[in-house]
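Whatever order the structure lists them in is the order used to number ligands and atoms, beginning at 1.
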Amino acid sequence: MLSVGLIQQAIVGEKVCGDSYVVIDQGETVVIAVADGLGHGPLAETASLKAIEWVRTNARLTPAAIVEACHLALRGSVGAVMAVVKIDRAGKTLTHSGLGNVETRIVGVAKTHHPVNVNGIVGQTARRFREETFPFYPGDLLIMHTDGISERFAADTASRRLDPQTLANRIVQEHGKHHDDQLLLIVRDVP
Ligand SMILES: [Mn+2]
């Protein structure tokens, strides 16, 4: 069962948030994506929502193939940066693909993994699409966030015991940036 913590907040002065997300529970797999449309306001929102729509449409594909599909779909938009992960419940793995600076962490019992993104902008510049697979066990935390939240927060083994929403609230309170849209998503999956 998925337990999700979420903060999604528009930059001060805008009514809509340019950062979007989706969590798709497909049973054997779970696909999760976060997208940050370039700039802010309605054009950024449109771009990030379009990326998310294409994640939904292509959720059967691998994360790298999903990002590539979004790249083609977002041509002509302001563009976005995004990260897509797919959790394989039976295999106890998580595969990640990121283009541009949406940050991802996997907080395991003994180790925190930081998947690396490829530089680029979805819909504009992407020279390659790559993905990497990590262990992901029940109780591990997946943390994904846009650049509206500073990367300097600590999320260690002790964080794993917190409710994801409680942890999300704490992180954004201390590390949220009010001069940008903010999106932080924390997911734990326990059978
Ligand atoms: Mn941003």
Side-chain angles (χ1 to χ4, degrees), residues 4-24 31-56 63-64 66-85 96-107 112-132 141-155 164-165 167-187:
V4 176
L6 173 71
I7 303 280
Q8 183 180 23
Q9 193 172 302
I11 185 172
V12 174
E14 287 286 356
K15 289 189 184 69
V16 296
C17 183
D19 297 352
S20 304
Y21 78 100
V22 69
V23 177
I24 309 165
V31 172
I32 301 164
V34 170
D36 178 348
L38 261 67
H40 44 81
L43 289 178
E45 184 197 38
T46 300
S48 69
L49 285 178
K50 187 159 194 182
I52 294 304
E53 178 194 328
W54 278 77
V55 172
R56 285 187 188 280
I66 293 172
V67 174
E68 187 165 5
C70 291
H71 177 59
L72 298 176
L74 261 65
R75 289 214 173 128
S77 75
V78 293
V81 292
M82 71 186 301
V84 178
V85 308
H96 167 276
S97 183
L99 184 63
N101 62 333
V102 168
E103 299 303 322
T104 302
R105 287 188 213 188
I106 303 149
V107 184
T112 295
H113 295 279
H114 291 258
V116 176
N117 297 331
V118 175
N119 289 332
I121 299 171
V122 182
Q124 293 187 14
T125 49
R127 261 163 299 174
R128 64 202 176 97
F129 301 91
R130 66 183 289 277
E131 62 187 25
E132 195 178 358
L141 291 180
L142 167 69
I143 305 178
M144 299 174 80
H145 65 94
T146 63
D147 62 355
I149 290 121
S150 159
E151 292 169 65
R152 285 176 298 173
F153 64 86
Q165 188 64 53
L167 180 58
N169 294 345
R170 279 190 197 178
I171 291 171
V172 170
Q173 206 163 19
E174 284 182 36
H175 300 277
K177 302 176 187 172
H178 294 288
H179 56 271
D180 201 352
D181 295 322
Q182 301 178 33
L183 194 148
L184 171 71
L185 180 65
I186 303 183
V187 176

Checklist entry - Within less than 2.8 Å of the Mn ion (ligand 1), how many protein N/O/S atoms are there? => result 3
Item to check | Which residues share a side chain to side chain contact (heavy atoms under 4.5 Å, CB included) with E131, sequence neighbours left out | outcome: T62, P63, A64, T95, S97
Next on the checklist: Using modelled atom types and a 3.5 Å cut-off, is there a donor and acceptor pairing between side-chain atoms of S150 and backbone atoms of H175?
Outcome noted: no
Checklist entry - Under the 3.5 angstrom rule, does the side chain of H71 hit a backbone N or O of G123 as a donor-acceptor pair? => result yes
Item to check | Considering all heavy atoms, the nearest T104-A83 contact | outcome: OG1-CB, 3.9 Å
Item to check | Polar side-chain atom of Q182 near backbone of I11 as donor-acceptor pair, under 3.5 Å | outcome: no
Checklist entry - Is a donor on one side and an acceptor on the other found under 3.5 Å between the side chain of N117 and the backbone of V102? => result yes
